[in-house]
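Data first, discussion second: the structure below is written as structure tokens.
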Amino acid sequence: MEVRYLGYPESRLATVYLWCNACLHGIQISRARAPEGMTLYPIKDPASADGIPDFVRHQP
């Protein structure tokens with residue numbers, strides 16, 4: 001399972017992408033707080049989404 005937080009470093013508010021690289025299924029959660037110590041990619045930087053595959057999104 002892979003995870004990526006894209007958000008705002010000042011507030012740590014983010015959208016979370018979780019997916020399986022084997023089957024390319026996963027979920028997307030908006031307005032989550034990134035835990036301290038977790039890498040938070042700036043949402044305003046288009047390159048932050050590089051590496052997130054076009055996975056099948058399921059409802060959490």
Side-chain angles (χ1 to χ4, degrees):
M1 195 56 92
E2 299 288 331
V3 63
R4 172 96 45 109
Y5 289 87
L6 271 64
Y8 303 94
E10 336 52 77
S11 65
R12 304 216 38 97
L13 201 58
T15 298
V16 186
Y17 298 89
L18 297 116
W19 70 93
C20 172
N21 277 326
C23 68
L24 291 178
H25 285 242
I27 61 173
Q28 175 184 334
I29 302 171
S30 296
R31 298 191 54 84
R33 190 162 312 276
E36 290 297 327
M38 206 59 184
T39 302
L40 176 64
Y41 296 85
I43 201 161
K44 294 180 180 179
D45 180 2
S48 292
D50 290 352
I52 298 176
D54 185 22
F55 60 89
V56 176
R57 287 165 173 79
H58 296 276
Q59 294 294 337

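Sequential numbering from 1 along the given sequence is applied to the chain's residues. Not measured: the values here are computed from a predicted model.
The structure places OG1 of T39 at 9.0 Å from CZ of R4, a figure rounded to the nearest 0.5 Å. Rounding to the nearest 0.5 Å places CE of M1 at 9.5 Å from CG of N21.
Legend: residues meeting side-chain contact (heavy atoms from CB on, under 4.5 Å) with A47, ordered by chain and number and at least two apart, are D45, D50. Here V56 pairs with H25, H58 under the side-chain contact (heavy atoms from CB on, under 4.5 Å) rule; sequence neighbours left out. For E36, the salt bridge (charged side-chain N to carboxylate O under 4.0 Å, His left out) test picks out R12, with sequence neighbours left out.
Residues G7 and P9 come closest through the heavy atom pair O-CD, 3.6 Å. Closest approach of P42 to S48, counting heavy atoms only: O-OG, 2.7 Å.
Sparse packing is recorded around CD of Q59, with 12 or fewer heavy atoms of other residues, nucleotides or ligands lying under 6.0 Å away.
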Scan the side chains in residues 26-35 for donor-acceptor partners under 3.5 Å anywhere in the protein, sequence neighbours excluded, and list what turns up.
from	atom 1	to	atom 2	distance (Å)
Q28	OE1	R57	NE	2.9
R33	NH1	S11	O	2.5

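Side-chain contacts under 4.5 Å among hydrophobic residues (ILVMFWY), followed directly or transitively, place Y17 together with L6, Y8, W19, L24, Y41, I43, I52, F55.
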